[in-house]
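Heads up: the structure comes next, in C-alpha cells.
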Amino acid sequence: MNEKYVPREIEPKWQKIWADSGAFHTEVDRTKPEYYVLEMFPYPSGALHMGHVRNYSIGDVVARFQKMRGYNVLHPMGWDAFGMPAENAAIKNKVHPAEWTWSNIANMRRQQQELGLSYDWDREVATCHPEYYRWTQWLFLLFFERGLAYKKKAAVNWCDECNTVLANEQVIDGNCWRCNSVVVKKELEQWFLKITDYADRLLKDLDLLGGWPERVRTMQENWIGRSEGAEFSFDVPELGEKIPVYTTRQDTSFGVTYVVLAPEHPLVEKLIEGKSEAAAVRAFVERVRNLSEINRTATDVEKEGMFTGAYAVNPFNGEQVPIWVANYVLFEYGTGAVMGVPAHDERDWAFATKYGLEKRLVVQTPATPLTIATMDGAYDGTGVMVNSGQFDGLDNETAKGKMADWLETQGVGRRRVTYRLRDWLISRQRYWGAPIPIIYCDDCGAVAVPKEELPVRLPENVRFDAGSVSPLASAGDFINCQCPKCGKPARRETDTMDTFICSSWYYFRYTDPRNAKAPWDVNKCNYWTPVDQYIGGIEHAILHLLYSRFFTKVLKDAGLVDTDEPFKNLLTQGMVIKDGAKMSKSKGNIVSPEEIVKKYGADTARLFILFASPPERDLEWSDQGVEGAARFLGRLWRIVHHFADAVVGAPATYDAASLDANEKELRRALHATIRKVTDDVADRFNFNTAISSIMELVNAMHAYRDAAATVHPALLRETVEALLRLLAPFAPHIAEEIWQQLERSGSIHQQAWPKWDAEAIKTDSVEIVVQINGKVRDKLTVPSELSSAELEKVALQQEKVQQLVEGKTVVKVIAVPNKLVNIVVK
RNA sequence: GCGGGUGUGGUGGAAUGGCAGACACAACAGACUUAAAAUCUGUCGGUCUCACGGCCGUGCCGGUUCGAGUCCGGCCACCCGCACCA
C-alpha cells in the first residue's frame, strides 16, 4: 500500500473507472427490493454552490448505503433547465438561451462528476430538451382533456422586472420569488390548472406523509387553508339582484349591520348607477385596484370603505342593511362579499367603529354579560345566542348547525367548504419554457395540438426583448398555423408554461427516461415509485412539493401511476452559512466547491459537510473544519497503511475466544461502530454522529497499535475491511482506493454492508455510577449484567458509600443494571 | 395575531429519563526535528482548593420523578411559514 494519500490522483481515476464500467447503471430487477433516492434537480445556473454539494452528498450516502444493503437503487440526476436567467443572459450577452443553458449543464455535470456522486447518468434528463418538453406538453393536454386546464380572465400577479405573470405560490410577501421586485395586479386572460379540485385530497393525504417533516405538512395545510361555513344571499330588492356571502360564523347572522363587497365585485357598478355616491365610489374602487398586492393586503393597512347608497335584506330577520364597498374584502376568496358583524368580528369592529356603523351583540356570555358600550373590541369566543329570534338560548356552536340547516330548508343558502388555495396560473409571457400546445381558431376556439404533432418546438430565431408579451408573439412562422379541427388559418398560443410544471413530473420520467412513445412505461414507473427518499431545500415546502403532489394525484386518476403521493420520505436540508449569513454574492461570503475539491479532494469536502452538522440544521462553513476532515482521512490512511502488510495476507477467520484484552477491545470498538453507523444512517440520517463513531474506531486502532506487542492479522483484516465499508458511502474514493491497494476483490461499492456481532459488543465488566440522592458520589466496576439486587448489595458495601450514609436512613435504592445505583437517604 | 422550530463550553456539535459536553475545530503543553511544518501524545465548562476533593452549570421560573438538557405547565429571545381568507 502506498504511504501517502493523494486525493488528486485517486479521485479522477476512480471516477473514470466507475463511469466506464457503468458501476451505477440501474435496471428494473424484480428479484431485489427497490429503493429510489432523489435529490431535487438543480437549475443550471452555471456552477454548483455549497448548498448543492450538501444536497448531493446526503443523497449519495443514502444511495450507496442502500445499495450495499442489497437494494436495487435508483439514483438519477437531471436539469430543471427552462427559466428566466437563460433568457436574461440572452438579452444581456447576446447568447441564445439554449446555448447558455447547455454549456452551464456541461459545467455543472462535470462538477458533480468530480464529487464522485453515484448517479446513473444514462437516465439524465433536461427539461429544455424537446424530447422532454414534448411530454410536458403531452401532460398539459392530458390536464386539458380532463377539464383541469382552462383559460380565464382574471386580475393576476404581474412582475414588471420579469415581464411575466406569477402563480400565488410564487409571490413572497408581495414580491416576486425570483427577482424580489414588487408584484402588481393586472387583468389578463391566462391558463390555469385546477389545483383547487384537488384541495381536499391534497389536504387529507398529508396524513399519509408520516415521513415528511411536520413543518412542511403544516405549511401545506396552512396554504390550502380549508374552512367550513355557509353561503347564503342577501336580496337587493331595488335591483332584483342577490349578493351571496360566505361566512364561517353563520351563528352571528342576526348581528349583521351591513354588507361589504370587494372593489372588484361586478355588482358594485350596478348598485351605484344613478346614485349620488356613484362618482366617489368609482374613484375609490379605481384607487384601491391600482395598489400593489402588498399595499393592499398587509394587515396593518387601514380599512377603508364607502357606502354605495344601496341596501340589502338579511334573510334571517328581513332587515335592510347598507351595502358598502371596502378594501379589506378579497374578491378571490369566498364570494367576494361578506356580511358585517362588528360585535363578533375584529375586522368588522374596526370598520364599523371608523364609519359609525351599528354594532349588535348576538352571542352573549351570561356569567359576565357583555355590552357593546363596555366592549373594547369584537367578541369572537363561544356563548349563548341572543337577539337571534328562534335561535335565542342555544349555545352558538349548536346554533351554527341549526342555522345552516335553516338556510338549507328555506332554500336561501347551503353549507360550504372553502379553501384559501387558488388555481395555479401557469402561463408565462416568456420564451425559455415549454410552449403551451394550444391553437386558437376563430371558429373552433382553443384547440389542442394533436398529440402526434408534439413537441411544439421553440423557434430558434426570436427577439428576447419583446417587453410585456411573449417573445414567441414576434415569431410569425411559429404563430401562424392551421386549425387541427377545421383546417382554417389559426394562431398558436404564444405563452410558455411555468417551469414548475416541468419539475412536477421529472421524477416519473427518470424511471423510463428515453421512452419515445409515452412519458414513461407504467410498469417501470410503478416498480420504482414513489420516491423512497427525497432530499432538498425547505424553500420548496409549498411550491414544488405541492405542485408535484397535485400532478401525482391527477396522474393516478388517469391511470398513469399507481401512487397517491410522489415522495414517501422527505428530508429538508438546512442552509450552508458562513459568518452567520447564507452564502451569497452580495455578502461576499461564497466558498467555491470547485476550489475546495481542487485543494482537498471530493472526499474531504463531502466528509466535512456531512460531519459539521446534522442534515436538517443549518451548517456553518469552517475552513478549519475542512482541514480537520482532510486530516482525519490522512490519519485513517496512515493507520491502515501501518497494518497493511498484516492485512494483505491475513486469514479470513479467527477464534474470537482466544483474543487478548487489547485485541478484544479493538473488536468491541469495531462492532460497536458498525452498529452505531448502521443505526445513524438507516434510521436517523445522523451522518455527523456516524462519522464521529468512525473517527472513534480509527482512534481505537491507534490505541491498539500503541498497546499491542504483536499484531493479530485476522482481526486487523476484519477491522480494516469493515472500516472501509463503513466509510465508503461518505468518502467513496479513498475507501475504494485502499480496498484495491489491500488486494481485496471487486469494488468496495459492491460489498455487503457489514453486520455487527452483539456478543462482541458486550464487555466483561462495566463501570457503575453510585449516586446518593441523585448526586454522583462513587464509581465501581462490576461484572456486566449484574442483577439489580446484587448491584444494590455491592454499592451499599462500598466504604465511601457507608461513610456518606452513616447516621442517615436509607429510604430507597434504585439499581439499574449496567448503569447506576441511586441511594435515597434522609 | 395564528402555526412550526431553535436555545448546551471559546466554536461546530453529542447525549433510548440515568456520569452533561462524545467526536471535531480552536487554544495550550510534551515528543520527534538543527528549526519549522507535518505527525504522534496529553490538557482543555466555570469556580474554590497546594492537593484530595467540593460547589455551580444545558435561555428563565415552576412542576413531575429516586433521578430532568431530555417529560409537563408558564415565560423570554431568536428564526421560519401564514396572515384583513370573513
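First the proteins, then the strands, lettered A, B, ... as listed; each starts at 1. What you see is a predicted model, and the numbers here were worked out from it, not measured in a lab.
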[X] [atom1] to [N] [atom2]: how many Å, rounded?
X	N	atom1	atom2	result
A:Lys819	B:C66	NZ	C1'	16 Å
A:Tyr704	B:U41	OH	C1'	20 Å
A:Glu696	B:G21	CD	P	13 Å
A:Leu633	B:A24	CG	P	13 Å
A:Ile814	B:G18	CD1	C1'	11 Å
A:Asp706	B:U39	CG	C1'	13 Å
A:Arg684	B:A15	CZ	P	5 Å
A:Arg217	B:G81	CZ	C1'	15 Å

Task: Mate of B:G42 where both pairing distances stay under 3.5 Å, Watson-Crick or G-U - done: B:C28
Task: Assigned partner base of B:A77, Watson-Crick or wobble definition, under 3.5 Å - done: B:U6
Side chain of [X] (C-beta onward), nearest among [options]:
X	options	result
A:Arg215	B:A15, B:C80, B:C84	B:C80
A:Val824	B:C66, B:A15, B:C25	B:C66
A:Val769	B:C19, B:A15, B:C84	B:C19
A:Pro614	B:G18, B:A14, B:C25	B:A14
A:Arg420	B:C40, B:A83, B:A14	B:A83
A:Arg631	B:G4, B:A26, B:A86	B:A26
A:Gln771	B:C19, B:A24, B:A86	B:C19
A:Ala612	B:A86, B:G12, B:C82	B:G12

Task: A:Glu767 (side chain) and B:C19 (base): donor-acceptor pair under 3.5 Å - done: yes
- [ ] Look at the side chain of A:Lys779 and the base of B:C19, then say whether one donor and one acceptor between them are separated by less than 3.5 Å.
- [x] yes
Task: Whether A:Ser765 side chain and A:Thr781 backbone form a donor-acceptor pair below 3.5 Å - done: no
Open item on the list: Using modelled atom types and a 3.5 Å cut-off, is there a donor and acceptor pairing between side-chain atoms of A:Arg360 and backbone atoms of A:Phe254?
Closed with: yes
Below 4.0 Å: OP1/OP2 of [N] and any side-chain N or O of [X]:
X	N	answer
A:Lys775	B:A20	no
A:Asn222	B:G4	no
A:Lys812	B:C66	yes
A:Asn699	B:A24	yes
A:Ser693	B:A22	no
A:Arg635	B:C23	no
A:Tyr328	B:A86	no
A:Ser692	B:A14	no

Taking any heavy-atom pair under 4.0 Å as a contact, classify [X]: base, sugar-phosphate, or nothing.
X	result
A:Asn773	nothing
A:Asn822	base
A:Arg416	nothing
A:Gly628	sugar-phosphate
A:Thr418	nothing

Task: Ring centroid separation A:Trp424 to A:Phe500 under 6.0 Å - done: no
Open item on the list: Could you check whether A:Phe316 and A:Phe232 have their ring centres less than 6.0 Å apart?
Closed with: yes
Open item on the list: Going by the glycosidic torsion and a 90 degree boundary from 0, is the base of B:G9 oriented syn or anti?
Closed with: syn
Nearest-angstrom distance, [atom1] atom, [N] to [M]:
N	M	atom1	answer
B:A77	B:C84	P	24 Å
B:A20	B:A68	C1'	11 Å
B:G7	B:U39	P	33 Å
B:U41	B:A26	P	16 Å
B:G21	B:G9	P	14 Å
B:U70	B:A38	C1'	42 Å
B:C44	B:G30	C1'	15 Å
B:U11	B:A27	C1'	11 Å

Task: Earlier contact from the 5' end, RNA chain B, for A:Thr218 and A:Glu620 - done: A:Thr218
Open item on the list: Reading RNA chain B from 5' onward, which residue's closest nucleotide shows up sooner: A:Ile823 or A:Gly336?
Closed with: A:Ile823
Under 3.5 Å donor-acceptor pairs involving side-chain atoms of residues 815-825 of chain A, not counting sequence neighbours:
unit_1   : atom_1 : unit_2   : atom_2 : d
A:Asn818 : OD1    : A:Glu785 : N      : 2.9
A:Asn818 : ND2    : A:Glu785 : OE2    : 3.1
A:Asn822 : OD1    : A:Gly774 : N      : 3.0

TODO: State whether a side-chain donor-acceptor pair under 3.5 Å links A:Ser227 with A:Tyr246.
DONE: yes
- [ ] Over 60° means perpendicular and under 30° means parallel, so classify the ring planes of A:Trp621 and A:Phe608, tilted if in between.
- [x] perpendicular
Open item on the list: Looking at A:Glu539, I'd like to know if its CD atom is crowded, meaning that more than 12 non-hydrogen atoms belonging to other residues, nucleotides or ligands lie closer than 6.0 Å.
Closed with: yes
Open item on the list: Which residues pass the side chain to side chain contact (heavy atoms under 4.5 Å, CB included) test with A:Lys762, not counting sequence neighbours?
Closed with: A:Glu759
